[in-house]
Amino acid sequence: MQKNALHILLADDDEDDRLFFKDAFEEVRVQTKVQFVHDGLQLMEYLMAPDVNLPDILFLDLNMPKKTGKECLIEIKKTEHLKNIIIAIYSTSSSEEDIEDTFIEGANIYIKKPSDFNTLKKIINEVVTLNWHYHTSGLNRDNFLLRLK
């Protein structure tokens, strides 16, 4: 991995969304290394592998086969060596129930997948440059749902 590169992991079963995401990261000014897993089962196998390089930020889709994003979130937060990973829920769902449930389960931020590339670039730039120490210092529902100004 590149020295001082931000390690990003996206768990998403939609190939088009993964390519869209990858292309957007290539245009972000922060040095990153982006990896992908295709479903929740593959995500948990990756995270539980010995000598794994844990991501700095995990972008987690909620609607995945084999194991949902919510199931993964719960498992990650209950696993000692994984519980401090920054988790950005990255979903097409704007359901208040999904937002509330993932907030309660310990996700750090909720992002509704944008439909256009420029908005995705703005969201990614916002997330990778966020002061996570401040953002994660306490549960704050107002900061949880990412809204671009």
Side-chain angles (χ1 to χ4, degrees), residues 1 5-25 28 30-49 52-117 119-149:
M1 178 164 20
L6 196 59
H7 182 196
I8 305 296
L9 180 62
L10 171 65
D12 196 321
D13 63 308
D14 186 299
E15 185 174 0
D16 289 337
D17 284 348
R18 289 192 306 266
L19 290 172
F20 198 46
F21 192 86
K22 179 180 178 283
D23 290 345
F25 258 100
V28 172
V30 175
Q31 191 175 23
T32 59
K33 178 180 188 294
V34 180
Q35 291 182 278
F36 303 95
V37 291
H38 304 131
D39 60 56
L41 194 58
Q42 188 181 31
L43 169 64
M44 295 314 299
E45 287 171 358
Y46 173 86
L47 292 175
M48 299 302 272
V52 67
N53 181 22
L54 293 176
D56 295 304
I57 303 173
L58 167 62
F59 286 82
L60 181 60
D61 186 19
L62 289 181
N63 303 310
M64 293 187 294
K66 300 182 184 173
K67 187 176 273 201
T68 68
K70 186 174 174 189
E71 290 170 328
C72 292
L73 172 63
I74 291 167
E75 190 172 337
I76 290 166
K77 291 300 178 179
K78 288 183 178 177
T79 304
E80 188 61 35
H81 74 282
L82 303 177
K83 69 181 183 182
N84 293 320
I85 294 173
I86 294 171
I87 300 177
I89 301 300
Y90 183 67
S91 180
T92 55
S93 172
S94 55
S95 151
E96 281 300 317
E97 182 180 355
D98 285 340
I99 294 167
E100 188 68 25
D101 287 351
T102 55
F103 174 73
I104 289 168
E105 294 299 341
N108 299 97
I109 196 164
Y110 194 101
I111 303 161
K112 184 170 181 337
K113 286 183 183 178
S115 57
D116 70 277
F117 189 68
T119 303
L120 177 59
K121 285 192 312 186
K122 287 177 187 172
I123 286 171
I124 286 174
N125 192 58
E126 178 87 12
V127 171
V128 298
T129 60
L130 200 58
N131 179 343
W132 284 105
H133 179 71
Y134 167 77
H135 194 81
T136 60
S137 63
L139 289 177
N140 184 339
R141 180 77 164 72
D142 295 333
N143 292 339
F144 184 63
L145 182 59
L146 180 66
R147 290 188 175 95
L148 292 179
K149 288 143 180 90

A.B. asks: Does Phe117 have its ring centroid less than 6.0 Å away from the ring centroid of Phe20?
C.D. replies: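 Between Phe117 and Phe20, the centre distance is under 6.0 Å.
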
A.B. asks: Is there a donor-acceptor pair closer than 3.5 Å between any side-chain N or O of Lys121 and the backbone N or O of Ala24?
C.D. replies: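 Checked: no pair found.
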
A.B. asks: With respect to Asp61, which candidate in Asp13, Thr92, Leu43, Asp14 satisfies the side chain to side chain contact (heavy atoms under 4.5 Å, CB included) definition?
C.D. replies: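 Result for side chain to side chain contact (heavy atoms under 4.5 Å, CB included) with Asp61: Asp13.
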
A.B. asks: Mind checking the CD1-CE spacing from Ile76 to Met48? Nearest 0.5 Å is all I need.
C.D. replies: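 If we round to the nearest 0.5 Å, Ile76:CD1 and Met48:CE are 9.5 Å apart.
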
A.B. asks: Aromatic contact between Phe21 and Tyr90, with the criterion being ring centroids under 6.0 Å apart: yes or no?
C.D. replies: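 Between Phe21 and Tyr90, the centre distance is under 6.0 Å.
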
A.B. asks: For the pair Asn108 (side chain) and Ala88 (backbone), establish whether a donor and an acceptor sit closer than 3.5 Å, ignoring hydrogens and angles.
C.D. replies: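 No, Asn108 side chain to Ala88 backbone: no donor-acceptor pair under 3.5 Å.
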
A.B. asks: Any salt bridge linking Asp17 with Lys113? Criterion: basic side-chain nitrogen under 4.0 Å from a carboxylate oxygen.
C.D. replies: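 Result for this pair is yes, salt bridge flagged.
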
A.B. asks: Testing Ile85, Ile8, Leu73 for side chain to side chain contact (heavy atoms under 4.5 Å, CB included) with Leu58, which one passes?
C.D. replies: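 For Leu58, the side chain to side chain contact (heavy atoms under 4.5 Å, CB included) test succeeds with only one of Ile85, Ile8, Leu73, which is Ile85.
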
A.B. asks: First locate atom NZ of Lys77, then atom OG1 of Thr102, and finally report the distance between them rounded to the nearest 0.5 Å.
C.D. replies: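 Output value for this atom pair is 11.5 Å.
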
A.B. asks: CG/Leu62 to OG/Ser93 distance, rounded to the nearest 0.5 angstrom?
C.D. replies: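 Rounded to the nearest 0.5 Å, the CG-OG separation comes out at 6.5 Å.
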
A.B. asks: Side chains of Phe59 and Leu9: does their closest heavy-atom pair fall under 4.5 Å?
C.D. replies: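 Contact flag for Phe59/Leu9 side chains = no.
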
A.B. asks: Can you check whether Leu54's main-chain N or O pairs, donor with acceptor, with His7's side chain at less than 3.5 Å?
C.D. replies: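 Confirmed, His7 side chain pairs with Leu54 backbone.
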
A.B. asks: So that I can tick it off, tell me whether Lys66 and Asp39 are bridged by a salt bridge, with the cut-off set at under 4.0 angstrom between side-chain N and carboxylate O.
C.D. replies: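 Yes, this pair counts.
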
